[in-house]
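What follows is a single structure, written as structure tokens, with notes after it.
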Amino acid sequence: MPEDKKLSIEKKLKNAVREQITLASQVVMEDFPPFDKSIVTGIDVHYSGSLAVGCATVVEVETLKAIQTVTLNREVQVDYIPGYLYLREGPIVLDLLKLLENTGPVLIDGNGVLHPRRMGLASYAGVVLNIQTIGVAKRIHVGIIGPRVDNYAPIHDDDEVIGMAVWLGKEKPVFVSVGNNITLSTSVRVVKDCAVRGYPEPLRIAHRTAKEIARNTQL
DNA sequence: GCGACAG
DNA sequence: ATCTTGTCGC
């Protein structure tokens, strides 16, 4: 990689760190405002070369069936850098959410405050739009997993609990964290209540949908 | 210096 | 995450 390119990336990351720290101070780790318990939304982004396909699926909690699905296709130029997923997926996630009237709590494929600066993608979307979000990651990015009790293991970083490993029936747990406007215990409950075969159904549908569209879309 | 590293 | 069909295994 050219040296000048490398310098411009470093400059962008420096600004991103400042933005993340500012936004992190605005995360609300309480159940506010009272959310619609009857629906829950999942968001995922799939890639095919430079094409990014984002999908948001609103699911009815009682039946776990999709009642609304929106997608966006976009050309993406930003590489993924660990700790800065929001630079790559933030814009499309925000635009997906703007297309929805009612979402209930929003599950996002990535982390909330389970992040080096407590500002993962889920918290980013939650703070910017002032909505209720939850981070659900398939792999851990930061923190130390404490002792498992039943199907839960707290994830610590420094002296605070910033997430929870949750076993939903498969060998591998999912890593749940507060996005915004919610407590960790409520986040875990929401994830459990919409899980099917070891994974939250809204995220599974969003992932499947985005993948299918990416596969059938010409660049 | 070395390894780890959401998607 | 992506490039990629069928295939080995729990």
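Remember, predicted model here, so these are calculated numbers, not experimental data. Just so we're on the same page: letters track the sequence lines, and every chain starts at 1.
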remark   = Annotated structure of DNA chain B as dot-bracket, pair cut-off 3.5 Å, Watson-Crick or G-U only, | for inter-strand, is .......
query = So what is the 5' to 3' dot-bracket string for DNA chain C, if pairs are Watson-Crick or G-U wobble with both distances under 3.5 Å, crossing pairs use [ ] and | means the partner sits on another strand?
reply = ..........
query = Would A/Asp31 and A/Gln132 satisfy side chain to side chain contact (heavy atoms under 4.5 Å, CB included), going step by step from the backbone distance to the final call?
reply = CA-CA 8 Å; A/Asp31 294 323; A/Gln132 190 162 45; 4.2 Å; yes
ask   = What do the steps show when you test A/Thr71 against A/Cys55 for side chain to side chain contact (heavy atoms under 4.5 Å, CB included), and what is the final call?
value = CA-CA 4 Å; A/Thr71 66; A/Cys55 179; 3.9 Å; yes
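Contacts of A/Ser177 classified as side chain to side chain contact (heavy atoms under 4.5 Å, CB included), with partners at least two apart in sequence or in another chain: A/Asn111, A/Val113, A/Leu114. In this view, A/Arg139 satisfies the salt bridge (Lys or Arg N to Asp or Glu O under 4.0 Å) rule with no residue, not counting sequence neighbours.
Between the P atom of C/dG9 and the CD atom of A/Glu171 lies a distance of 18 Å, rounded to the nearest Å. Rounded to an integer number of Å, the gap from CZ of A/Arg74 to P of C/dA1 is 21 Å. In this structure, the NZ atom of A/Lys172 is 17 Å from the P atom of C/dC10, given to the nearest Å.
Between the side chain of A/Arg148 and the backbone N or O of A/Asp150 there is at least one donor-acceptor pair closer than 3.5 Å. Proximity of a side-chain donor or acceptor of A/Asn180 to a complementary backbone N or O of A/Val28 within less than 3.5 Å is detected. A/Ser48 places no side-chain N or O within donor-acceptor distance of the main-chain N or O of A/Arg215, the cut-off being under 3.5 Å.
Judged as a ring pair (Phe, Tyr, Trp, His ring centres under 6.0 Å), not a single pair has a partner in residues 141-168 of chain A (not counting sequence neighbours).
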Could you go over nucleotides 4-7 of chain B and give all protein N or O partners under 3.5 Å, atom names and distances?
residue	atom	partner	partner atom	Å
B/dC5	O3'	A/His141	ND1	3.2
B/dA6	OP1	A/Arg139	NH2	3.3
B/dA6	OP2	A/Tyr80	OH	2.9
B/dA6	O4'	A/Asn111	ND2	3.2
B/dA6	N7	A/Tyr80	OH	3.4
B/dA6	N7	A/Gly83	N	3.2
B/dA6	N6	A/Gly83	O	3.2
B/dA6	N6	A/Tyr84	N	3.4
B/dA6	N6	A/Leu85	N	3.1
B/dA6	N6	A/His115	NE2	3.4
B/dA6	N1	A/Leu121	N	3.0
B/dA6	N3	A/Asn111	N	3.0
B/dA6	N3	A/Asn111	ND2	3.4
B/dG7	OP1	A/Lys138	N	2.8
B/dG7	OP1	A/Lys138	NZ	3.4
B/dG7	OP2	A/Arg139	NE	3.4
B/dG7	N7	A/Arg139	NH2	3.4

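Side-chain contact between A/Tyr199 and A/Lys138: present, with at least one pair of heavy atoms (C-beta onward) separated by less than 4.5 Å.
A salt bridge links A/Asp157 to A/Arg118: at least one charged side-chain nitrogen sits closer than 4.0 Å to a carboxylate oxygen.
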